[in-house]
Amino acid sequence: MRLLGNPGCLLLPLLHGPPLPGLRRHRPSTLGPNRPLGTDGRAPQALIGRDSVEVLGHSYGRDDFTNVAPSVLAKVGRNLHNQPQHPVWLIKERIKAHFYSAYVGRWGNPLFSVHDNLSPVVTVEQNFDSLLIPPEHPSRKRGDNYYLNRRMMLRAHTSAHQRELVSSGLDAFLLAGDVYRRDEIDASHYPVFHQMEGVRLFSNHELFSGVQHGEELSLFEDGGRRSSHKQESHSLEAVKLLEFNLKTTLARLVTHLFGQDVEVRWVDCYFPFTHPSFELEVRFQGNWMEVLGCGVMEQELLTSAGAGGKAGWAFGLGLERLAMVLYGIPDIRLFWSQDERFLGQFRVEEVHEPICFQPLSKYPPLLNDISFWLPQDGGDFTQNDFYELVRSIGGDLVEKVSLVDQFTHPKTGRRSQCYSIIYRHMERTLTQREVRLVHEQIERTAETELGVQGRY
């Protein structure tokens, strides 16, 4: 394995992006016609009532923050990461097997426990406040998340459970689950995907026991200052050892997944809940690809969880991202396919068995444009609002949505946008006639729900 230096500072994909406005006057409805339309005209049963949202057998009252769509709720409980022989499950099991075999406790049992069945419904406090994400941070916006109401939401990351697991007394654990984010539409983005993360905590003795004169060293120091290299409460010796242990652990994992000849590099970055923080990139097919984010856990987070006497690290990765790379899966929508031609390729006797995905027949795409004037008050329209509307109506028939043109009228100052929508069925050829029915529904609903004025 070859390690390269730090080329600069990046920001977590979860947390970057421009600030989004708060409440929108024209809010996509989760009732009535704004439901996914299959080409057979049927829609999945909505779990959203006029006054409440039902998820996994529990009812949550609606309010002005409710923005979850039936098409997204239909995915809750599918748990691809727990479906044997599914590619997401295979990647999870490969990572789990590595940690089970490489890290063993004093009595021969696995050091890391695994938790992959926690509910994706969490409080806003769990998802953000417990991770020290500031109240004004753009990652909290309605435009980026699926809220059941102002207090409850579908988790945007598995880190929402970190504090509760640390509070339960766990020092080393892996956590996997489905996460939900409103995002753009293309072959690598989907409103539901799966993450896996790991946490390890150390006492003073555990961290320094292998160091000469380790009994003289301490995790913490009084009167310390925060710098680019450490938190104010940590000693420099502790941070260097934690960082070394973290990077060694993850380098072993990446070698396990990609092979001995993989080339990796570490990139300094920023997360609200770790410091210092890093991203690990691997060189794959000639390009650098981000694989995971990690860092030394903020001591304030551990203190709030009742583990203030320990220090530790955490990492998180996307299971679909790894599966797409390692198995050659070209489109993230395929993970939700129930086509036997797809699923059958991953029925292997051993999780480490190499798999090279054989593409299904490539059905031709159909392209339709939509152009409209934005609300005259300039208001609260965001691109994510439109993407979510397209997803809620077109479902998985939509392969990609691109903003291809923007125009400002020189006299009136009104702004218009033009989007290109690519439709492609994963399992058969679509006709322009059936696509047009879906596209016209998008046009009508955009006007009534987003307050735009069509130019078609």
Side-chain angles (χ1 to χ4, degrees), residues 10-17 80-81 88 91-96 98-99 103 112-116 118 120 122 126-128 130-133 137 139 144-145 154-166 170-181 183 188-190 192-201 242-243 245-254 256-258 264 266-282 289-298 301-302 305 312-326 332:
L10 296 177
L11 185 64
L12 246 180
L14 164 64
L15 302 175
H16 70 34
L80 302 185
H81 62 291
V88 171
I91 295 295
K92 183 198 75 172
E93 291 298 310
R94 289 179 64 176
I95 295 172
K96 185 173 78 173
H98 168 72
F99 275 89
Y103 304 97
F112 286 80
S113 58
V114 176
H115 309 266
D116 56 12
L118 298 175
V122 298
Q126 282 178 287
N127 199 78
F128 296 118
S130 74
L131 296 169
L132 312 179
I133 297 174
H137 200 281
S139 67
D144 287 345
N145 301 285
L154 299 180
R155 64 188 170 207
H157 42 208
T158 50
S159 302
H161 302 285
Q162 269 189 20
R163 187 179 64 185
E164 64 186 274
L165 292 178
V166 171
L170 296 177
D171 287 341
F173 59 84
L174 300 174
L175 169 62
D178 44 332
V179 299
Y180 300 78
R181 298 183 201 162
D183 211 336
S188 61
H189 291 86
Y190 201 78
V192 191
F193 58 102
H194 298 77
Q195 286 185 336
M196 191 166 190
E197 66 180 76
V199 168
R200 185 170 185 190
L201 307 184
L242 286 169
E243 182 179 329
N245 186 277
L246 168 64
K247 290 183 175 180
T248 300
T249 299
L250 295 179
R252 292 178 69 182
L253 172 62
V254 168
H256 170 74
L257 294 174
F258 289 88
V264 307
W266 295 97
V267 180
D268 293 334
C269 64
Y270 165 76
F271 307 139
F273 34 85
T274 56
H275 181 75
S277 303
F278 315 96
E279 284 173 344
L280 176 60
E281 298 182 348
V282 301
M289 181 188 69
E290 175 202 339
V291 173
L292 55 84
C294 61
V296 177
M297 298 177 71
E298 283 283 354
L301 190 159
L302 293 178
W313 51 249
F315 73 87
L317 52 82
L319 294 175
E320 279 90 347
R321 164 71 66 88
L322 287 175
M324 292 176 78
V325 171
L326 293 172
I332 196 169

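Taking CD1 from Ile133 and OG from Ser139, the interatomic distance works out to 4.5 Å, rounded to the nearest 0.5 Å. The line from CG of Leu253 to OG1 of Thr248 is 12.5 Å long, rounded to the nearest 0.5 Å. Atoms CG and NZ, on Leu174 and Lys96 in that order, are 9.5 Å from each other to the nearest 0.5 Å. The CZ atom of Arg181 sits 9.0 Å away from the CG atom of Asp144 when rounded to the nearest 0.5 Å. Rounding to the nearest 0.5 angstrom, the gap separating the CG atom in Leu257 from the CD1 atom in Ile95 is 5.5 Å. With values rounded to the nearest 0.5 angstrom, Leu131 atom CG is found 5.5 Å from Ser159 atom OG.
At a threshold of 4.5 Å between non-hydrogen side-chain atoms, the residues His137 and Phe128 do not count as touching. Residues Phe173 and Val166 are in side-chain contact: their nearest non-hydrogen atoms beyond the backbone lie under 4.5 Å apart. Here the side chains of Met196 and Leu322 are not in contact, with every heavy-atom distance at 4.5 Å or above. Between Val267 and Phe278 the shortest side-chain heavy-atom distance does not fall below 4.5 Å. Side-chain contact between Phe193 and Arg321 is absent, with no heavy atoms from C-beta onward closer than 4.5 Å. Counting only heavy atoms from C-beta outward, the side chains of Phe315 and Val291 never approach each other to under 4.5 Å.
In this view, Phe112 and Phe99, Tyr103 satisfy the ring-ring contact (aromatic ring centres under 6.0 Å, His included) rule, not counting sequence neighbours. By the salt bridge (Lys or Arg N to Asp or Glu O under 4.0 Å) test, Asp183 pairs with no residue at all, sequence neighbours left out. Legend: residues meeting side chain to side chain donor-acceptor pair (under 3.5 Å) with His81, ordered by chain and number and at least two apart, are absent. Under the side chain to side chain contact (heavy atoms under 4.5 Å, CB included) criterion, Ala314 pairs with Gln162, Val199, Met297, not counting sequence neighbours. Scored by the ring-ring contact (aromatic ring centres under 6.0 Å, His included) test, His98 finds His256 as partners (sequence neighbours excluded). For the side chain to side chain donor-acceptor pair (under 3.5 Å) test, residues two or more places apart in sequence or in another chain that qualify with Thr274 are Ser277. Residues satisfying the side chain to side chain contact (heavy atoms under 4.5 Å, CB included) criterion with Ser188, sequence neighbours excluded, are Asp186. In this view, Glu197 satisfies the salt bridge (Lys or Arg N to Asp or Glu O under 4.0 Å) rule with no residue, not counting sequence neighbours. For Asp178, the side chain to side chain donor-acceptor pair (under 3.5 Å) criterion is met by Arg155, Tyr180, not counting sequence neighbours. Among residues two or more places apart in sequence or in another chain, the salt bridge (Lys or Arg N to Asp or Glu O under 4.0 Å) test is passed with Arg200 by none.
Between Phe271 and Phe273, the ring planes are parallel. Angles under 30° get that label, and only those over 60° would be called perpendicular.
Across all non-hydrogen atoms, the minimal contact from Thr158 to Gly177 is CG2-N, 3.8 Å. Residue Leu242 comes nearest to Trp313 through the heavy atom pair O-CD1, 3.7 Å, listed as atom of the first residue, atom of the second, then distance.
Each salt bridge (charged side-chain N to carboxylate O under 4.0 Å, His left out) pair with one or both residues in residues 156-165, not counting sequence neighbours, appears once here: Glu125-Arg163.
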